[in-house]
Amino acid sequence: MERGIERVLIPESEIQALVARLGAEITSHYAAKDELDLLVVGLLRGSFVFMADLVRKIKLPLVVDFMTVSSYGDSKNSTGNVKVVMDLDESVEGKDILMVEDIIDTGNTFNKVIGLLRHRKPRSLKICTFLNKPSRRVVTVPIDFCGAEIPDEFVCGYGLDYAQKYRNLPYVGIVKPL
Ligand code: IMP
Ligand code: MG
C-alpha cells in the first residue's frame with residue numbers, strides 16, 4: 001500500500017470492468033442515433049486517466065478535447081466559483097457532447113461547466129462520471145453514465161488527487177486522515 005493511503009476502495013480489476021461496462025453503455029446509446037458528431041470533453045486534471053481508458057472502449061468515431069477549470073475552495077471542498085483556465089480547442093455548436101469527469105461531489109464545479117457548454121448550443125449533452133458521491137450533493141447534476149457510487153470519503157488514485165498527489169495510483173484508495 002502507498003504511504004498516506006488507508007485502504008483500497010476500488011481495485012484495478014474492478015475499475016477495468018466498470019470502464020468496459022460504461023464504454024458499452026455509451027456506445028449503444030450513441031450508436032442508435034441517425035447522425036452523430038461526438039466530442040468527448042474531459043475536465044483536467046482529474047479525468048485524464050479515466051478518459052484514456054474510456055475512449056478506447058467507445059466503439060464509435062469521436063473527437064477528444066480537454067478543458068481546465070479551477071474552482072476555489074480548500075483542498076477538500078469546492079465552491080460554486082468556477083473559472084475557465086484552459087478552454088476547449090473544438091467548437092461545441094451542433095455537436096454531441098459527452099462530458100467526462102473524475103468525480104461529482106457537491107456538483108458545484110460540474111454544474112457551472114454544464115451551463116457554460118449548454119450556452120454554446122450543442123445538439124446534445126450527456127454526462128459521464130467515473131465516481132459519484134451523492135451524499136455530498138448541493139446542486140443537482142443530471143448524470144447519464146456513472147462508474148460507481150461511493151460513500152462520503154476522500155478518495156484518490158486513477159487520476160484523482162489529494163493536494164496534487166496520488167493521481168498515478170492504478171486503484172482508488174481512501175486517504176488516511178491527518
Ligand atoms: P464538486 O464541485 O464538489 O462536485 O467537486 C468536483 C471536484 O472536486 C472533482 O472534479 C475533484 O477534482 C474534486 N474532488 C471531489 N471529491 C474528491 C475526492 O474524494 N477525491 C479527490 N478529488 C475530489
Ligand atoms: Mg480535482
Side-chain angles (χ1 to χ4, degrees), residues 1-12 14-16 18-19 22 26 39-55 64-88 92 97-120 125-178:
M1 185 84 53
E2 203 72 23
R3 224 176 342 141
I5 303 299
E6 187 160 85
R7 65 185 175 89
V8 175
L9 185 66
I10 313 178
E12 193 173 355
E14 256 178 62
I15 294 177
Q16 296 315 317
L18 75 82
V19 172
L22 283 175
I26 291 166
L39 176 64
V40 184
V41 173
L43 283 195
L44 292 175
R45 288 173 242 178
S47 74
F48 82 108
V49 178
F50 178 46
M51 271 287 265
D53 284 345
L54 183 67
V55 293
V64 167
D65 203 353
F66 289 98
M67 184 171 189
T68 308
V69 299
S70 71
S71 105
Y72 300 102
D74 59 32
S75 62
K76 288 190 175 181
N77 289 287
S78 76
T79 63
N81 238 333
V82 173
K83 193 177 104 188
V84 177
V85 173
M86 185 193 74
D87 207 339
L88 299 173
V92 164
I97 307 297
L98 177 66
M99 304 260 323
V100 176
E101 177 60 309
D102 55 352
I103 185 165
I104 301 181
D105 185 30
T106 63
N108 282 324
T109 308
F110 221 48
N111 188 45
K112 282 285 155 71
V113 176
I114 293 163
L116 214 123
L117 292 195
R118 283 232 170 90
H119 198 71
R120 300 182 189 176
L125 194 153
K126 295 281 172 188
I127 290 154
C128 176
T129 187
F130 172 52
L131 300 176
N132 184 22
K133 254 194 239 177
S135 61
R136 295 251 310 164
R137 200 61 36 83
V138 174
V139 289
T140 308
V141 177
I143 301 173
D144 300 287
F145 307 100
C146 174
E149 285 198 358
I150 63 164
D152 183 9
E153 303 263 20
F154 200 85
V155 294
C156 62
Y158 199 67
L160 290 117
D161 72 300
Y162 174 49
Q164 297 306 332
K165 299 218 173 82
Y166 306 115
R167 293 193 197 273
N168 58 324
L169 301 182
Y171 55 84
V172 173
I174 294 177
V175 179
K176 253 183 211 158
L178 290 177

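Reckoned from all heavy atoms, side chains included, excluding hydrogens, waters and symmetry mates. Start at 1 and go down the list; that is how both ligands and their atoms are numbered.
Within the model, atoms CG of Leu98 and CD1 of Ile26 stand 5.0 Å from one another, a figure rounded to the nearest 0.5 Å.
Residue-to-ligand polar distances place Gly107 within reach of ligand 1: an N/O pair is separated by less than 3.5 Å. Looking at Val155 next to ligand 1, an N or O pair under 3.5 Å apart turns up.
At a heavy-atom distance under 4.0 Å, atoms from both the backbone and the side chain of Asn108 approach ligand 1. Contacts between Val138 and ligand 1 below 4.0 angstrom, taking non-hydrogen atoms only, are absent altogether.
Across the listed options Lys133, Arg167, Arg137, Lys133 owns the non-hydrogen atom lying nearest to atom 19 (O) of ligand 1.
Residue Thr109 approaches ligand 1 through these ligand atoms, each under 4.0 Å from one of its heavy atoms: 1 (P), 2 (O), 5 (O), 6 (C). Against a heavy-atom cut-off of under 4.0 Å, Asp105 is close to the following atoms of ligand 1: 1 (P), 3 (O), 4 (O), 5 (O), 15 (C), 16 (N). Close approach to Leu160 involves these atoms of ligand 1, each under 4.0 Å from a residue heavy atom: 20 (N), 21 (C), 22 (N). Per-residue contacts place Asp161 under 4.0 angstrom from the following atoms of ligand 1 (heavy atoms of the residue considered): 21 (C), 22 (N).
We find that Arg167 and Asp102 are not joined by a salt bridge, their nearest charged nitrogen and carboxylate oxygen being 4.0 Å or further apart.
Of all non-hydrogen atoms in Tyr158 and Val19, the two that sit nearest each other are OH-CG2, 3.6 Å.
Under the 30°/60° scheme for interplanar angles, the aromatic rings of Phe50 and Phe130 are found to be tilted.
A donor-acceptor contact shorter than 3.5 Å is absent between the side chain of Arg137 and the backbone of Asn132.
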